[in-house]
Protein chains: 4
Amino acid sequence: MTTAPGRPRDRRIDRAVLAATADLLVEVGYADLTIAAIAERAGTTKPAIYRRWSGKADLVHEAAFPSDADRVPVPATDSLADDVRVMVATVVRLFAAPVARAAVPGLLAEFATDPALHGALLGRFREGPMGHAHARLVDAVASGQARPDLDPVAAIDAIGGSVLLALLLRGDAPDDSWIDGTAALLLKGMAA
Amino acid sequence: MTTAPGRPRDRRIDRAVLAATADLLVEVGYADLTIAAIAERAGTTKPAIYRRWSGKADLVHEAAFPSDADRVPVPATDSLADDVRVMVATVVRLFAAPVARAAVPGLLAEFATDPALHGALLGRFREGPMGHAHARLVDAVASGQARPDLDPVAAIDAIGGSVLLALLLRGDAPDDSWIDGTAALLLKGMAA
Amino acid sequence: MTTAPGRPRDRRIDRAVLAATADLLVEVGYADLTIAAIAERAGTTKPAIYRRWSGKADLVHEAAFPSDADRVPVPATDSLADDVRVMVATVVRLFAAPVARAAVPGLLAEFATDPALHGALLGRFREGPMGHAHARLVDAVASGQARPDLDPVAAIDAIGGSVLLALLLRGDAPDDSWIDGTAALLLKGMAA
Amino acid sequence: MTTAPGRPRDRRIDRAVLAATADLLVEVGYADLTIAAIAERAGTTKPAIYRRWSGKADLVHEAAFPSDADRVPVPATDSLADDVRVMVATVVRLFAAPVARAAVPGLLAEFATDPALHGALLGRFREGPMGHAHARLVDAVASGQARPDLDPVAAIDAIGGSVLLALLLRGDAPDDSWIDGTAALLLKGMAA
DNA sequence: ACTTAAACGAGACGGTACGTCGCGTCTTAAA
DNA sequence: TTTAAGACGCGACGTACCGTCTCGTTTAAGT
């Protein structure tokens with residue numbers, strides 16, 4: 001394996017653009033976010049951005065959910081109750097961050113048009129928290145902590161969907177009491 | 001109360017525009033839907049549309065969720081299990097229709113920019129199926145069918161969110177087994 | 001004949017754009033002339049310009065050689081000597097104007113790419129001064145003022161080409177002594 | 001004088017680039033000619049080209065008028081008639097070649113922006129055919145073959161300009177009858 | 001053989017302009 | 001007043017080409 005020919009990419013531009021995107025996303029929202037404004041804020045130009053990302057959605061998806069953010073795994077304990085609560089709290093933490101809150105509705109809208117992007121973000125979640133949760137639930141069914149007829153996919157839909165809808169309907173991050181209530185509801189629904 | 005002066009609006013244009021919007025929405029998706037294309041398909045012009053609706057979001061929201069569609073109430077029985085299953089199925093029926101599937105992500109994205117629209121659609125749901133569900137759950141808590149510490153809001157988030165996320169993640173309408181699994185999960189989470 | 005439907009063009013925009021084009025052409029030259037700068041100077045926008053003209057060449061050609069400028073015919077006297085001198089002076093007047101001087105090289109270059117534009121400007125000249133000159137020379141041959149074997153086309157090439165090359169080679173407008181010398185040369189070449 | 005240190009330039013690249021430029025110039029015209037395309041056609045890269053020429057104009061000017069092409073002098077006879085005809089034919093031969101026809105309008109346009117290039121090409125012609133012609137005409141005035149008041153500069157403008165305009169107006173190379181007619185016209189204009 | 005220095009290919013860089021598209025508004029004549 | 005029609009101001013889009021740069025590699029000439 002040899003190094004790529006030609007002038008190498010300036011990684012500082014990657015970083016500056018991602019940072020500018022995250023900042024502007026929070027400031028003006030997804031709809032009013034323009035590539036030109038990102039370029040200006042990052043001190044670079046539109047072509048330099050299009051060289052790296054295919055468009056606004058691609059760029060925002062990387063800015064809002066950087067690869068190293070989902071590297072915080074759900075710590076599996078032997079208490080299903082604890083783990084479900086951690087799952088809910090993790091999803092809240094991930095999606096309630098200002099950048100994510102600003103990005104998510106726009107990204108969801110783009111998914112309808114761009115299946116590739118859809119798959120990319122989905123895959124990333126599957127290999128991250130969603131994968132962990134799925135494995136933990138399968139394990140819980142096997143060990144008898146959860147009902148034998150529990151559908152892990154439906155359970156994950158319920159966990160993620162509750163948080164997503166709470167955010168979309170009310171806009172602000174769910175508080176601890178909401179998290180407790182939702183975790184209790186879901187745990188009772190799953191437990192043996 | 002006297003009739004308005006001048007030439008009256010042509011109601012056929014209202015209908016043609018709504019129909020064209022629904023059709024195009026399914027054909028090209030929310031993002032690629034343009035007012036000019038709707039006008040052309042409906043055999044009318046852009047100003048005639050802007051005279052009736054404030055913009056794309058307003059128009060789509062009426063085309064995808066016509067006022068008479070949510071007139072299908074959740075039939076309250078005295079079985080919480082039956083009612084929860086009906087709630088889930090109703091939400092699926094409402095959001096899995098092709099027009100709704102095409103409209104929802106776009107509308108969610110517009111909510112971030114346009115709080116008025118957010119409130120409008122939300123209010124409509126609150127007075128429709130969501131309101132029914134909320135009342136039924138409050139009643140269930142009071143009658144002892146549900147746990148006394150159940151938070152009806154969290155429960156509704158879970159019902160709606162499960163369906164929404166299932167649609168967003170997988171695109172196609174959830175099948176009966178998913179509905180059964182989700183209804184069972186949620187019911188067990190709520191029941192006394 | 002009925003009037004065109006729709007909102008009519010704002011003729012003031014036409015005029016403002018043509019004026020701005022002529023001004024900027026002289027200020028910055030053809031190569032550095034941008035549509036965006038013209039739009040800004042004219043107080044309008046790029047799309048409004050592209051609605052009217054197909055591009056820079058089309059616009060410049062109209063700005064540099066407005067339809068009413070070539071409406072100054074060569075007055076035919078019965079002296080071929082006088083008329084040839086007027087022809088030379090007319091071409092000088094037409095092409096030595098600052099706007100024309102700035103426009104001509106650029107337009108010549110575009111002709112290679114855009115035959116339609118070539119034909120348009122050519123036709124306009126044919127119906128203007130070039131047509132007059134051609135008619136006068138044919139007449140001169142018939143009346144015996146000019147040599148019977150004179151080719152009017154070659155003669156017109158010589159008149160126009162002399163002026164054009166003088167401008168292209170030296171940049172500044174030919175003075176009266178150059179005009180006298182060239183007129184004398186050409187007259188002697190044509191006369192019987 | 002010692003030889004330059006470092007790796008010497010590859011002369012094959014010079015030749016390949018000039019050939020590619022001439023070919024592409026004829027194929028796509030000056031305006032649509034890009035340095036990247038030339039580099040690709042020549043099997044080299046943009047920096048290798050910019051190392052040798054300052055830009056498109058410089059490169060084209062060398063490709064269209066190679067230094068050895070103007071080495072064909074006007075053979076001075078003692079007949080002014082013969083010599084004028086040769087002058088006209090020489091200019092036609094020089095400018096009617098496909099490469100020159102494609103290059104000239106573009107180069108003329110660049111002259112407006114780049115006086116250095118203007119001077120360079122002009123100087124080359126002055127030391128070539130234009131210089132020869134000028135000397136011959138001065139001589140003709142002195143020897144009495146031409147009118148004593150003949151302005152050699154105006155005469156050269158007329159010769160070159162006639163050919164240039166004929167090419168620009170009609171695009172194809174002038175035929176022999178046009179050359180005869182033009183030579184006759186100019187000769188009669190100059191002769192004593 | 002070993003340095004030295006420039007040319008090489010590759011391709012990203014900052015920059016500027018391009019021509020197009022959709023928005024939501026407006027102006028007109030006719031109905 | 002609404003209609004059809006279409007131009008309006010506005011602002012962003014994504015692309016193309018410019019001429020320069022930064023790499024790692026190659027090629028001679030001078031040691």
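These values consider heavy atoms only, across backbone and side chains, with no hydrogens, waters or symmetry-generated copies. Proteins get letters first, then strands, A, B, ... in listed order; numbering begins at 1 in each.
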*Atom pair distance, as rounded to whole Å: CZ in A:Arg11 and C1' in E:dA12*: 12 Å
*Of the residues in residues 102-116 of chain A, which ones touch DNA chain E at a heavy-atom distance under 4.0 Å?*
none
*Check whether any side-chain nitrogen or oxygen of D:Arg52 sits under 4.0 Å from OP1 or OP2 of E:dC8, and answer yes or no.*
yes
*Mind checking what makes side-chain contact (heavy atoms from CB on, under 4.5 Å) contact with A:Thr34, not counting sequence neighbours?*
A:Ala36, A:Ala37
*Check A:Leu25 against A:Ala103 and note the closest heavy-atom contact, atom names and distance.*
CD2-CB, 3.7 Å
*Got a sec, which residues hit ring pair (Phe, Tyr, Trp, His ring centres under 6.0 Å) with A:His61, two or more places apart in sequence or on another chain?*
none
*Would you mind reading off the distance between B:Ile49 atom CD1 and F:dT2 atom P, rounded to a whole angstrom?*
15 Å
*In whole angstrom, what separates A:Leu59's CG from F:dC13's C1'?*
15 Å
_Atom-pair distance (NZ on B:Lys56; P on E:dG22), nearest Å_ = 10 Å
*Any side-chain N or O of C:Thr44 under 4.0 Å from OP1/OP2 of F:dG9?*
yes
_Please enumerate all residues that pass side chain to side chain donor-acceptor pair (under 3.5 Å) together with B:Arg15, with sequence neighbours excluded._
none
_side chain to side chain donor-acceptor pair (under 3.5 Å) partners of A:Arg41, counting only residues at least two apart_ = A:Glu27
*Go through residues 12-43 of chain A and report each residue with a non-hydrogen atom lying under 4.0 Å from DNA chain F, sorted by number.*
A:Thr34, A:Ile35, A:Ala36
Mind listing the N/O atom pairs, protein and nucleotides 25-27 of chain E, below 3.5 Å?
{"residue": "E:dC26", "atom": "O2", "partner": "C:Arg7", "partner atom": "NH1", "Å": "2.9"}

*Which residues pass the side-chain contact (heavy atoms from CB on, under 4.5 Å) test with A:Pro98, sequence neighbours left out?*
A:Val26
*Rounded to the Å, how far apart are D:Asp10 CG and E:dC8 P?*
6 Å
*For the pair B:Arg101 (side chain) and B:Leu167 (backbone), establish whether a donor and an acceptor sit closer than 3.5 Å, ignoring hydrogens and angles.*
no
Taking distance alone, no hydrogens or angles, what donor-acceptor pairs closer than 3.5 Å link side-chain atoms of residues 105-114 of chain D to residues at least two apart or in another chain?
{"residue": "D:Glu110", "atom": "OE2", "partner": "D:Tyr30", "partner atom": "OH", "Å": "2.4"}
{"residue": "D:Asp114", "atom": "OD1", "partner": "D:Ala116", "partner atom": "N", "Å": "3.0"}
{"residue": "D:Asp114", "atom": "OD1", "partner": "D:Leu117", "partner atom": "N", "Å": "3.1"}

*Among all residues two or more places apart in sequence or in another chain, which pass the side-chain contact (heavy atoms from CB on, under 4.5 Å) test with C:Pro115?*
none
*Can you name the side chain to side chain donor-acceptor pair (under 3.5 Å) partners of B:Asp32, sequence neighbours left out?*
none
_Residue pairs fulfilling salt bridge (Lys or Arg N to Asp or Glu O under 4.0 Å) with at least one residue in residues 52-62 of chain B, sequence neighbours excluded_ = B:Asp14-B:Arg52
